[in-house]
Amino acid sequence: MVLSSPRGTNDVFGEDIKYRDFIINSAKDLFRLFNYSEIITPAFEHTEVFDRGIGKSTDIVKKEMYTFTDKKGRSLTLRPEGTASVVRAIIEHKMYSEKIPVKLFYIGNMFRYERPQKGRMREFSQLGVEAAGVAEPFIDAEVIWILNSIFDRIGFRNLKLMINSVGCEKCRRDYIRVFKSYIKPEVESFCPDCKVRYDTNPLRIFDCKVEQCKKIIEGSPKIYQHICADCREHILKVCHYLEKMGINYFIKEELVRGFDYYTGTIFEIISDDLESVQNALGGGGRYDNLIAQFGGPPMPSIGFAIGIDRTILLMRQLNIKYLTKELKSAAYIALLSDKFYDTGLKVTKLLRENNIPCDISYKVRPLSSQIKTAVRDGFSHFIAIGDDEIKTGVFNVKNLEKHTQFKLNINDSSKNISAVFRSSL
RNA sequence: GUGGGAAUAGCUCAGCUGGUUCAGAGCGCAGGAUUGUGGCUCCUGAGGCCGCGGGUUCGAAUCCCGUUUCUCACCCCA
């Protein structure tokens with residue numbers, strides 16, 4: 001029996017759960033404010049959803065998918081990202097016939113077969129939004145606003161928001177012609193990957209880290225300078241709204257992203273504080289043709305995703321604490337003899353019925369040890385059960401934080417009990 | 001898929017050029033000192049096939065090879 005979780009996966013427990021809950025709760029509060037509703041899609045889809053959605057020429061589809069055949073011979077794939085599934089669901093349920101825009105958010109685990117390293121796992125969690133059916137640049141800015149607000153609420157400050165436009169179908173085609181003719185004389189000098197990209201997806205050459213390739217494209221025309229008048233107007237309006245909102249950003253003309261479905265506005269948010277090369281915390285963009293391409297109606301759309309695990313990493317690194325929604329009041333009940341289990345049961349039942357979290361020492365131990373345990377585990381109150389309490393029915397409740405003590409009569413009405421407890425906070 | 005480093009107790013690690021102080025420390029955990037009251041102190045205890053497999057050797061935690069996992073980077077992304 002192998003007792004380690006598979007490569008690139010991990011168990012999330014203890015403090016990580018608190019960070020995670022904090023991030024998710026912060027995001028959910030914002031989603032509510034922006035009127036998005038949740039969608040939960042399956043962890044796997046028909047392989048075609050990603051093949052056609054993300055694009056066959058992308059690295060993700062080519063070499064990073066967990067694809068398997070089920071017992072009926074269907075090809076299925078564990079989702080490597082969230083957008084394709086959500087788009088599939090929007091079309092399947094004809095959500096656009098209820099209202100437009102369709103504004104959805106999702107939280108889920110994603111799977112990519114890669115070599116794990118800091119901030120990159122084979123199974124990881126993302127949360128994201130998709131706003132489908134609106135072409136106005138206003139919604140681009142609003143979506144970026146949400147993205148920015150999530151990190152703002154968490155407490156990140158030194159983030160960089162990068163924006164670019166990769167143009168619409170038409171202007172991209174024109175640009176690619178210009179770009180290819182510019183680099184054509186040098187194509188033999190490219191790295192093997194870029195030689196392939198030259199034919200399949202020239203824009204991705206901008207993502208290449210090989211010095212030689214970077215040099216060749218250094219002075220090349222950038223797509224941002226070659227987008228058509230409509231696309232230019234669109235991105236300028238997005239920038240205008242961002243400025244009105246006071247969101248800092250900068251145009252990064254070389255920015256490209258790894259999914260084929262993007263059109264027009266794309267963006268990425270990175271942290272220079274993240275002690276890792278994997279510094280992208282979130283990103284997204286427009287996908288104006290994807291829904292139609294999937295057989296749905298024409299629905300220009302935009303979305304983003306953020307990496308929950310990387311966000312936790314950065315929070316830990318910057319020493320940012322999570323806020324918990326846990327009740328601060330919790331009681332620890334100590335037994336001084338094993339005669340008192342029945343009374344212990346009665347007290348815990350009473351407290352729990354009154355919404356006061358509590359735990360009990362399952363073993364009889366010296367009183368001082370039990371207090372130590374209660375303090376260590378962060379209980380605010382301590383109740384010992386011994387002969388005196390049994391006789392009188394009155395329990396001394398010790399407030400471990402304030403070093404005070406009060407009496408609790410377990411024959412009091414429930415209302416009284418919670419009142420007495422709360423007043424001691 | 002490519003390249004570097006690492007793996008000893010729950011955690012952080014020590015363990016020299018192979019040989020009865022080589023199965024160790026600190027922290028944590030459990031119990032006690034303490035038969036009804038707090039973070040200290042002291043005592044005691046549990047826990048490891050030294051990642052796994054092979055090799056070299058009279059003898060391997062230690063040297064060699066393989067493998068798995070972790071880690072860092074490339075690629076790519078969140």
Side-chain angles (χ1 to χ4, degrees), chain A residues 1-10 14 23 54 57-65 79-83 107-128 147 151 191-194 196-197 201 204 206-211 213 256-259 268-271 274-284 304-314 332 334-337 340 363-379 381-390 395-405:
Chain A
M1 177 72 176
V2 182
L3 286 180
S4 62
S5 72
R7 184 164 163 81
T9 67
N10 59 5
I23 293 164
I54 299 170
S57 74
T58 61
D59 281 11
I60 289 182
V61 169
K62 277 198 307 202
K63 52 182 202 186
E64 295 179 3
M65 295 210 302
R79 60 179 169 199
E81 61 104 41
T83 302
I107 299 163
N109 46 353
M110 308 295 161
F111 308 85
R112 292 182 201 169
Y113 191 90
E114 301 181 271
R115 282 285 283 270
Q117 67 187 72
K118 188 168 196 172
R120 195 183 66 193
M121 298 291 279
R122 287 182 173 176
E123 181 186 21
F124 59 100
S125 294
Q126 287 187 333
L127 56 85
L147 173 67
F151 292 125
C191 70
D193 280 346
C194 286
V196 175
R197 288 174 180 143
N201 198 347
R204 309 280 347 270
F206 282 103
D207 245 0
C208 191
K209 304 291 191 302
V210 177
E211 273 311 314
C213 303
V256 290
R257 293 183 53 79
F259 305 128
E268 206 164 286
I269 194 158
I270 65 165
S271 163
L274 206 50
E275 285 165 4
S276 155
V277 182
Q278 315 303 326
N279 61 357
L281 287 169
F304 72 76
I306 79 170
I308 295 176
D309 314 84
R310 285 184 190 176
T311 304
I312 294 176
L313 217 57
L314 185 58
Y332 189 86
L335 302 171
L336 296 178
S337 151
F340 304 140
K363 287 194 290 189
V364 175
R365 293 161 51 214
L367 186 62
S368 64
S369 300
Q370 304 210 48
I371 293 177
K372 282 177 195 167
T373 300
V375 170
R376 181 197 61 190
D377 293 346
F379 288 90
H381 292 81
F382 181 87
I383 302 172
I385 300 176
D387 285 316
D388 299 351
E389 285 78 6
I390 301 290
F395 292 73
N396 280 321
V397 182
K398 211 173 156 59
N399 184 320
L400 295 169
E401 283 152 12
K402 293 184 182 164
H403 301 263
T404 54
Q405 210 160 293

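Order of the sequence lines fixes the chain letters, A, B, ..., with proteins taken first and strands second; residue numbering starts at 1 for each chain. Since this is a predicted model, take the numbers as computed values, not measurements.
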- Can you tell me which stems RNA chain B forms, taking runs of 3 or more consecutive Watson-Crick or G-U pairs with both distances under 3.5 Å? B:1-7 with B:68-74, B:10-13 with B:24-27, B:29-33 with B:41-45, B:51-55 with B:63-67
- Item | Short side-chain N/O contact to B:G31 OP1/OP2 from A:Lys363, under 4.0 Å | yes
- Item | Interatomic distance, A:Ile269 CD1 vs B:A78 C1' [rounded to whole Å] | 12 Å
- Message: Between B:C29 and B:G10, how many Å separate the two P atoms, rounded to a whole number?
- Response: 15 Å
- Item | A:Phe304: ring pair (Phe, Tyr, Trp, His ring centres under 6.0 Å) partners, not counting sequence neighbours | none
- Message: Using the side-chain hydrogen bond (donor to acceptor under 3.5 Å, both in side chains) criterion, which residues pair with A:Ser337? Sequence neighbours excluded.
- Response: none
- Query: How is A:Arg112 classified with respect to the nucleic acid when contacts are heavy atoms under 4.0 Å: base, sugar-phosphate, or nothing?
  - Reply: base
- Query: So, do A:Ile54 and A:Thr83 sit near enough that their side-chain heavy atoms are less than 4.5 Å apart?
  - Reply: no
- Just how far, in rounded Å, is C1' of B:A78 from CD of A:Glu268? 9 Å
Protein-nucleotides 43-45 of chain B N/O pairs closer than 3.5 Å?
none

- Message: Suppose we screen for side-chain hydrogen bond (donor to acceptor under 3.5 Å, both in side chains). Which residues come up paired with A:Ser368, at least two apart in sequence or across chains?
- Response: none
- By salt bridge (charged side-chain N to carboxylate O under 4.0 Å, His left out), which residues pair with A:Glu81, not counting sequence neighbours? none
- Query: Do A:Arg122's NZ or CZ and the ring of A:Tyr113 fall within the cation-pi criteria of under 6.0 Å and 45°?
  - Reply: yes
- Those residues that, when tested against A:Arg7, pass side-chain hydrogen bond (donor to acceptor under 3.5 Å, both in side chains) (two or more places apart): none
- Message: So, OP1 or OP2 of B:U71: does either fall under 4.0 Å of a side-chain N or O from A:Gln117?
- Response: no
- Message: Checking A:Arg79 now: which residues fulfil side-chain hydrogen bond (donor to acceptor under 3.5 Å, both in side chains) with it, not counting sequence neighbours?
- Response: A:Thr41, A:Asn109
- Message: Under a 3.5 Å cutoff, is there a donor and acceptor pairing between the side chains of A:Ser271 and A:Arg310?
- Response: no
- Message: Walk along nucleotides 33-41 of chain B from 5' to 3' and tag each nucleotide B, S or - by protein heavy-atom contact under 4.0 Å, base first, then sugar-phosphate.
- Response: BB-BBBB-B
- Message: Which is more 5' along RNA chain B, the nucleotide nearest A:Ser4 or the one nearest A:Gln126? Just name the residue.
- Response: A:Ser4
- Query: Taking the side chain as C-beta and beyond, is there a heavy-atom pair between A:Tyr332 and A:Ile371 under 4.5 Å?
  - Reply: no
Between N or O atoms, less than 3.5 Å apart, protein on one side and nucleotides 3-13 of chain B on the other: list the pairs.
unit_1: B:G3; atom_1: O6; unit_2: A:Arg115; atom_2: NH2; d: 2.9

- Message: List the residues meeting salt bridge (charged side-chain N to carboxylate O under 4.0 Å, His left out) with A:Asp387, not counting sequence neighbours, and say none if there are none.
- Response: A:Lys339
- Note on the structure: Residues passing the side chain to side chain contact (heavy atoms under 4.5 Å, CB included) test with A:Gln126, sequence neighbours excluded, are A:Tyr106, A:Met110, A:Arg112, A:Phe124, A:Ala305
- Base of B:C77 paired with side chain of A:Arg310 (donor-acceptor, under 3.5 Å): yes
